[in-house]
Amino acid sequence: MTRLSQYFLPTEKEAPADAEALSHRMMVRAGLIRQVGSGLWSWLPAGWRVHQRISTIVREEMDAIGGQEMLMPVIQPAELWKRSGRYPIEELFKLEDRRGAELVLAMTSEEVVTTHVAQVVRSYRDLPLILYHIQVKARDEPRPRAGVLRTREFMMKDSYSFDRDPEGLQRSYERHIEAYDRIFERTGLRWYRVAGDVGMMGGTGAHEYMAPCAAGENEVALAPGYAANVEVASAQAQAVALPAALEAPAEVHTPGATTIAAVAGQLGLPAGALLKAFPVEVEGRGLVMVVLRGDHRVNELKLGAALRAPWRAASAEEISERIGPPGFIGPVGAELAVLLDDGVAEGGYVVGANRPDMHLQGVQPGRDFRYERVDVRSVEAGDLVGGQPITIEPAIEVANIFQLGTRYSAVTGASYLDEQGAEQPIWMGCYGIGMARIAAAAVEQFADEHGISWPAAIAPFQVHLVALGKPESAERTLADTVYATLCDGGVEVLYDDREAGAGEKFADAELLGAPLRLTVGRKALESGEIEVQLRRGREAQAGVAPADVLARVAELCRVAP
RNA sequence: CGGGGAGUGGCGCAGUCUGGUAGCGCACCCGGCUGGGGGCCGGGCGGUCGCAGGUUCAAAUCCUGUCUCCCCGACCA
């Protein structure tokens, strides 16, 4: 029962001046959210309805795979986080109580949930187990941005799976994939699941759920049958026309040419005919030289994964001392290990000669320098996967799933006794979904110049009922009747019973974006039919007699996007 | 953390350079008209100009400090 004349829905004609992202502008204008501070947002009644509908879908699908909902605190003892090694994370909010005891605001709940499981689970008979909660998360983001897309406080569903062994973890992980696929199918979003970075979580597998949209902070590489975050994507490089290798490398004078562009320009060659040397200092291994095609870029995440150790770019001093003059270094004759990127094909390349103002031409990898193959470059649009060119598009990360392994169970002593009575570590997975990002992604994907256009499954209201005509008029009386019918029929309906002009009411209806708009006015009185319009595409539908309105709405809700 | 920008009624802005009665549009309140795409007329309410200090006869305006917010980048377990 929601009458707009009484409803706290502060719509605005103009968006805040400093709002850039579409979802930020639209959600504020539509009266769904209001800012409290940087990265801190209130959800107003209509916005919270959207949020709740998303939570409900998530909850239903988590329950469907046997997840058990619980609730863990936002404020947690720092001790737990020190034990897990996550206390130094800069994004972790740290605070003290009045006695000076150290506390944190949880960004996720691995520490707490693992503690409970460690205390309770004793036997292999207690596993597997999936626990989850829908709770506030706090993260001291260096830069909150774009409305509710990146905030310092937000609601997240986080679930945790506990299994006896890696095979069990794999099964729990796959169950989550099923649940998440269904969740995103139900939300009506455009989405895809991509291979993700396992990062410092150090697990054995990770996927991210991505919703493509302009405001997205991630980039996803796509090809038929392939989708991966560019952070981890691999693809076959596009071919580049190369001069043949010379019988032996030949020196060429390249005065002042310290960049790929400068060398390519002086020699009249494409950048891809050069090799780029990127010396890095690797912990426990010392200086190594990463070599890529001149037109390729190093992907630092992939490099970190390939090196399997912390690393940093070598300093200019280290380069001068150990290799040669910066800007003119290359793998030939360098006395250090060379890691050659997969993007470098057979051919004769130009490389730095390790002497000032000199390069070498006709260099052939393998013949002229020894190397170890790695895949450390960033993929680019047009690279091939399975013979098909990839495209790269921005996307919002709306969920992620990780196979954690035994990292947290080891530090909290979460173990069980197997059939032989031997103590075994519990294998864990963790799985997150952000409700706010799903809402924002839906706005980003479907809004048009008139406003939001919600997928029916997460719309704040199914029906936006607009009453036109003077108060107390016959059309108002009819609208009241229609409203009562819809409410009695269990339809989620927002009734615009305000004393306002038609234009204002239609504009607000399109801004708020309910999938279905019903209009009761003079035309309805004359024709005996209530007008029906779908928000998506603003398509007028056949009218409906007041007596049939429930059936018609039910029918349209089934076909509405 | 680096770079850029902004704080003036609820929202969007002008005024600041060149110190001198704080303004405009929208919204809001009252009255009337209109009643199918943000309509019209008339009358109103509402602002210590982010905060603190300084200069001055006088500060939204000049100076110093400080807080907050936004955008780009870095970062993003």
Side-chain angles (χ1 to χ4, degrees), chain A residues 8 10-21 24-25 28-29 31 34-41 81 84-92 104 106-111 137 139-147 149-152 154 156 158 196-203 206 208 215-218 229 231 300-301 304 396-397 400-405 407-408 428 430-432 434 437 450-451 466-476 479 496 498-511 517-527 530-531 533 538 540:
Chain A
F8 191 66
T11 58
E12 300 284 348
K13 252 189 229 182
E14 295 178 271
D18 49 22
E20 301 274 331
H24 182 185
R25 300 172 65 85
V28 171
R29 282 192 56 208
R34 278 286 162 107
Q35 185 165 22
V36 177
S38 179
L40 303 172
W41 291 82
W81 289 69
S84 72
R86 293 210 294 174
Y87 191 72
I89 294 174
E90 290 200 39
E91 281 71 27
L92 183 66
V104 306
M107 22 198 282
T108 55
S109 289
E110 279 83 356
E111 286 81 359
K137 301 291 175 289
R139 294 183 187 178
D140 193 358
E141 289 286 348
R143 183 153 100 81
R145 62 177 288 275
L149 231 42
R150 178 170 290 278
T151 57
R152 295 194 288 177
F154 57 96
M156 184 167 109
D158 40 327
D197 175 38
V198 294
M200 297 301 280
M201 299 287 273
E208 291 158 352
E217 297 183 297
N218 295 86
N229 195 321
E231 289 175 349
E300 303 197 348
L301 269 169
I396 298 178
E397 180 182 347
N400 56 44
I401 55 180
F402 280 102
Q403 297 186 25
L404 282 175
R407 177 178 171 207
Y408 290 90
M428 277 183 72
C430 68
Y431 316 85
R437 283 189 173 182
H450 302 283
V466 174
L468 301 179
K470 298 179 192 179
E472 315 291 326
S473 62
E475 41 276 50
R476 290 300 187 118
D496 191 347
R498 295 174 301 175
E499 285 191 43
E504 195 175 341
K505 293 188 173 194
F506 291 146
D508 274 347
E510 277 155 14
L511 181 57
R517 186 181 88 197
L518 302 187
T519 309
V520 178
R522 181 171 35 78
K523 289 183 196 167
L525 281 184
E526 289 166 358
S527 67
I530 296 159
E531 291 149 74
Q533 189 189 76
R538 299 168 81 218

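In what follows, chains are A, B, ... by sequence order, proteins preceding strands, each numbered from 1.
- Remark: B:rG42 base-pairs with B:rC30. Criterion, Watson-Crick or G-U wobble with two distances under 3.5 Å.
- Distance, A:Lys13 NZ to B:rC28 C1': 13 Å, rounded to whole Å.
- Checking B:rG36, B:rG38, B:rG35 against the side-chain heavy atoms of A:Glu504 singles out B:rG38 as nearest.
- Of the residues near RNA chain B, A:Arg29 and A:Glu217, the one whose nearest nucleotide (by heavy atom distance) lies more toward the 5' end is A:Arg29.
- Note: CD (A:Glu91) to P (B:rC1) measures 13 Å, nearest angstrom.
- The base-pairing partner of B:rA58, taking Watson-Crick or G-U wobble contacts with both distances under 3.5 Å, does not exist among the strands shown.
- Nucleotides B:rC51 and B:rC67 have their C1' atoms positioned 7 Å apart, rounded to a whole Å.
- Qualifying ring pair (Phe, Tyr, Trp, His ring centres under 6.0 Å) partners for A:Trp81, counting only residues two or more places apart in sequence or in other chains: none.
- Look at the P atom in both B:rC29 and B:rG46: the space between them is 15 Å, to the nearest Å.
- Judged purely by atom type and a 3.5 angstrom limit, A:Gln35 uses its side chain to pair as donor or acceptor with the backbone of A:Gly37.
- Ranking B:rC76, B:rC26, B:rG37 by closeness to the A:Phe506 side chain, first place goes to B:rG37.
- A 3.5 Å limit on both hydrogen-bonding distances identifies B:rC72 as the Watson-Crick or G-U partner of B:rG2.
- A:Glu14 has its CD atom 9 Å from the C1' atom of B:rG25, to the nearest Å.
- Nucleotide B:rG25: paired with B:rC11 (Watson-Crick or G-U wobble, both distances less than 3.5 Å).
- Counting to the nearest Å, the C1' atom of B:rC1 and the CG atom of A:Asp140 are 13 Å from each other.
- Residues passing the side chain to side chain contact (heavy atoms under 4.5 Å, CB included) test with A:Ala500, sequence neighbours excluded: A:Arg498, A:Glu504, A:Lys505.
- Not counting sequence neighbours, the partners of A:Glu12 by the side-chain hydrogen bond (donor to acceptor under 3.5 Å, both in side chains) test are A:Arg34.
- Under the 3.5 Å distance criterion, with hydrogens and angles disregarded, no donor-acceptor pair is assigned to the side chains of A:Thr108 and A:Asp158.
- When the P atom of B:rG38 is taken as reference, atom CZ of A:Arg498 falls 14 Å away, rounded to whole Å.
- Contact annotation: the side chain of A:Glu499 never approaches that of A:Lys470 to less than 4.5 Å [non-hydrogen atoms, C-beta and beyond].
- Between A:Arg522 and B:rG36 there is a side-chain polar atom (N or O) within less than 4.0 angstrom of OP1 or OP2.
- Atoms CG and CD1, from A:Asp140 and A:Ile89 in turn, are 12.0 Å apart once rounded to the nearest 0.5 Å.
- The same atom, C1', is picked in B:rC70 and in B:rG50; the two are 15 Å apart, to the nearest Å.
- If you take atom C1' in B:rC45 and the same atom in B:rC63, they sit 37 Å apart, rounded to whole Å.
- When the P atom of B:rA77 is taken as reference, atom CG of A:Asp158 falls 15 Å away, rounded to whole Å.
- Across B:rC62 and B:rU56, the matching C1' atoms stand 10 Å from one another, rounded to whole Å.
- Nucleotides B:rG7 and B:rU48, compared at atom C1', are 16 Å apart to the nearest Å.
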Find every protein N or O atom lying less than 3.5 Å from an N or O atom of nucleotides 6-10 of chain B, and list the pairs.
none

Between the protein and nucleotides 69-74 of chain B, are there any N/O to N/O pairs under 3.5 Å, and if so, what are the atom names and distances?
residue : atom : partner  : partner atom : Å
B:rC69  : OP1  : A:Ser38  : N            : 3.0
B:rC69  : O3'  : A:Gln35  : NE2          : 3.4
B:rC70  : OP1  : A:Gln35  : NE2          : 2.8
B:rC70  : OP2  : A:Ser38  : OG           : 2.8
B:rC70  : O2'  : A:Asp18  : O            : 3.0
B:rC71  : OP1  : A:Ala146 : N            : 3.4
B:rC72  : OP2  : A:Arg143 : NH1          : 3.1
B:rC72  : OP2  : A:Arg143 : NH2          : 2.8

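- Around the CD atom of A:Glu526, the shell of radius 6.0 Å holds more than 12 heavy atoms that belong to other residues, nucleotides or ligands.
- Taking a cutoff of 4.0 Å between a charged side-chain nitrogen and a carboxylate oxygen, A:Glu110 and A:Arg86 qualify as a salt bridge.
- B:rG19 and B:rG2 are spaced 35 Å apart, taking the P atom of each and rounding to whole Å.
- Nucleotide B:rA52 forms a Watson-Crick or G-U wobble pair with B:rU64, both donor-acceptor distances falling under 3.5 Å.
- Considering only residues two or more places apart in sequence or on other chains, A:Arg139 meets the salt bridge (Lys or Arg N to Asp or Glu O under 4.0 Å) condition with none of them.
- In this structure, the CD atom of A:Glu208 is 12 Å from the C1' atom of B:rA77, given to the nearest Å.
- Following rounding to the nearest Å, A:Glu499 (CD) and B:rC29 (P) show an atom-to-atom distance of 11 Å.
- Rounded to the nearest 0.5 Å, atoms CG (A:Leu149) and CD1 (A:Ile396) are 4.0 Å apart.
- Between B:rA59 and B:rG42, the distance separating the two P atoms is 38 Å to the nearest Å.
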